[in-house]
Amino acid sequence: MSTKTLMTVEQFLQLPDEESRRYELWQGELIEVGETIFSHNWIRDKLLVCISNFLMSVKLGGEVLVETGIRFDSTTLARPDLCYWDAEHLARIDPDHSPVEIVPQLLVEVVSPSNSLRTLFRNAEYYLRNGVQVVWVVDRKPFEIHVFEKGKAKRVVRAGEILEAPAVLPGFSENASDRKSTRLNSSH
């Protein structure tokens, strides 16, 4: 029987940079994050554009970023595919410090070859326990967005249905679509 060597975020941050690899630290365990694929990046970037355009149009404030290192506790540093911080939380972020120490209000993870839907569901529950209000887990085949919201039952949004997050992005409303479509159709 082998035992895992666990580390803290401070120990993780002391590791040498490796150009060909990216890691996350999950509850003390070093996890290699593999390469993404075109459809993963397409979905992530379409969501980034939709949320960014919404924020500019309604002047709600806040910021949405991709793959930003976030320290969730002393043994977890993750780089979610997409995160949104409202204006209040954004104002508390030190823009010159990594990792970010302020938990986002919305977080998105897209299934990729290096992670499973089951793992991302487990991670979504962890994120909610640690202060994130809404988590979207996007599965590519079949195209579904699993919506986890603090205090509510998980629900699924499929292609052609409306994706919303009223608790953190009041007024945001997008027609969810898969890569077969040319864009996510805005309905706000």
Side-chain angles (χ1 to χ4, degrees), residues 1-37 40-41 43-45 47-48 51 62-140 144-155 165 167-169:
M1 180 166 87
S2 66
T3 60
K4 292 181 185 178
T5 302
L6 302 179
M7 64 174 55
T8 66
V9 169
E10 285 75 20
Q11 292 167 325
F12 176 78
L13 293 172
Q14 297 304 312
L15 294 175
D17 290 338
E18 293 192 36
E19 294 178 6
S20 63
R21 293 183 169 179
R22 287 190 354 188
Y23 292 92
E24 290 182 342
L25 186 67
W26 271 97
Q27 298 170 330
E29 187 178 349
L30 194 60
I31 304 294
E32 187 172 355
V33 180
E35 281 296 312
T36 58
I37 59 176
H40 170 279
N41 295 344
I43 292 167
R44 180 202 61 209
D45 292 350
L47 285 169
L48 173 69
I51 295 171
E63 189 64 61
V64 59
L65 298 173
V66 298
E67 299 183 15
T68 301
I70 302 165
R71 177 184 179 142
F72 286 91
D73 60 35
S74 64
T75 61
T76 303
L77 187 154
R79 291 180 185 89
D81 291 320
L82 186 142
C83 295
Y84 164 73
W85 290 269
D86 64 20
E88 176 186 341
H89 290 85
L90 182 64
R92 297 183 8 228
I93 293 175
D94 178 349
D96 298 317
H97 177 75
S98 181
V100 171
E101 306 265 344
I102 306 299
V103 174
Q105 286 63 64
L106 170 72
L107 188 146
V108 179
E109 291 280 18
V110 181
V111 175
S112 66
S114 66
N115 57 34
S116 68
L117 192 59
R118 181 179 177 180
T119 297
L120 293 181
F121 284 178
R122 182 196 71 214
N123 294 355
E125 295 295 339
Y126 171 86
Y127 292 138
L128 291 177
R129 285 192 311 273
N130 283 277
V132 177
Q133 298 298 305
V134 179
V135 179
W136 295 338
V137 175
V138 183
D139 194 5
R140 297 182 333 274
E144 296 178 327
I145 302 171
H146 300 266
V147 178
F148 296 78
E149 293 180 89
K150 193 173 248 14
K152 295 183 179 181
K154 179 181 81 94
R155 62 187 173 87
V168 295
L169 290 171

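Just so you know, residue 1 is the first one in the sequence shown, and it goes up from there.
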**Request:** Might you point out which heavy atoms bring Gln27 and Leu6 nearest each other, and give the distance in Å?
**Result:**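 Heavy atoms only, the tightest pair is O-CD2, 4.1 Å.
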**Asked** What heavy-atom pair brings Asp73 and Thr75 nearest, and what distance separates the two atoms?
**Response**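 Reported closest heavy-atom pair: OD1-N, 2.8 Å.
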[atom2] on [Y] to [atom1] on [X], rounded to 0.5 Å:
{"X": "Leu48", "Y": "Asn41", "atom1": "CG", "atom2": "CG", "answer": "11.5 Å"}
{"X": "Ile31", "Y": "Ser114", "atom1": "CD1", "atom2": "OG", "answer": "10.5 Å"}
{"X": "Leu107", "Y": "Asn123", "atom1": "CG", "atom2": "CG", "answer": "9.5 Å"}
{"X": "Arg129", "Y": "Lys150", "atom1": "CZ", "atom2": "NZ", "answer": "9.5 Å"}
{"X": "Met7", "Y": "Leu13", "atom1": "CE", "atom2": "CG", "answer": "10.0 Å"}
{"X": "Arg79", "Y": "Glu67", "atom1": "CZ", "atom2": "CD", "answer": "9.0 Å"}

Which residues pass the side-chain contact (heavy atoms from CB on, under 4.5 Å) test with [X], sequence neighbours left out?
{"X": "Thr8", "result": "Glu10, Gln11"}
{"X": "Glu63", "result": "Leu65, Leu90"}
{"X": "Arg122", "result": "Thr119"}
{"X": "Val100", "result": "Thr68, Ile70, Trp85, Ile93, Ile102"}

**Request:** Could you tell me whether Lys154 atom NZ has more than 12 heavy atoms of other residues or ligands within 6.0 Å of it?
**Result:**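 Yes, because the 6.0 Å sphere around NZ of Lys154 holds more than 12 heavy atoms from other groups.
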**Asked** Under 6.0 Å from the CZ atom of Arg92, do we count more than 12 heavy atoms belonging to anything else shown?
**Response**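 Above 12, so yes.
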Is any side-chain heavy atom of [X] closer than 4.5 Å to a side-chain heavy atom of [Y]?
{"X": "Val9", "Y": "Ser74", "value": "no"}
{"X": "Val134", "Y": "Leu169", "value": "no"}
{"X": "Ile43", "Y": "Asp81", "value": "no"}
{"X": "Ile51", "Y": "Leu106", "value": "yes"}

**Message:** Please determine whether side chain to side chain contact (heavy atoms under 4.5 Å, CB included) holds for the pair Leu128 and Val135, giving the CA-CA distance in whole Å, both sets of side-chain angles, and the decisive distance to 0.1 Å.
**Reply:** CA-CA 8 Å; Leu128 291 177; Val135 179; 4.1 Å; yes
**Heavy-atom donor-acceptor pair, Arg140 side chain to His40 backbone, under 3.5 Å** =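 Judged by distance alone, no pair lies under 3.5 Å.
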**Message:** Is there a side chain to side chain contact (heavy atoms under 4.5 Å, CB included) between Val168 and Asp86? Walk through the geometry before answering.
**Reply:** CA-CA 8 Å; Val168 295; Asp86 64 20; over 6 Å; no
**Asked** Mind checking what makes side-chain hydrogen bond (donor to acceptor under 3.5 Å, both in side chains) contact with Gln105, not counting sequence neighbours?
**Response**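 Here the qualifying residues are His89.
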**Request:** May I have the step-by-step check of side chain to side chain contact (heavy atoms under 4.5 Å, CB included) for Val138 and Leu47, ending in yes or no?
**Result:** CA-CA 11 Å; Val138 183; Leu47 285 169; 4.2 Å; yes
**Request:** Using the ring pair (Phe, Tyr, Trp, His ring centres under 6.0 Å) rule, collect all pairs that involve residues 110-134, keeping only residues at least two apart or in two chains.
**Result:**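 The answer is Trp26-Tyr126, Trp26-Tyr127, Phe72-Tyr127, Phe121-His146, Phe121-Phe148.
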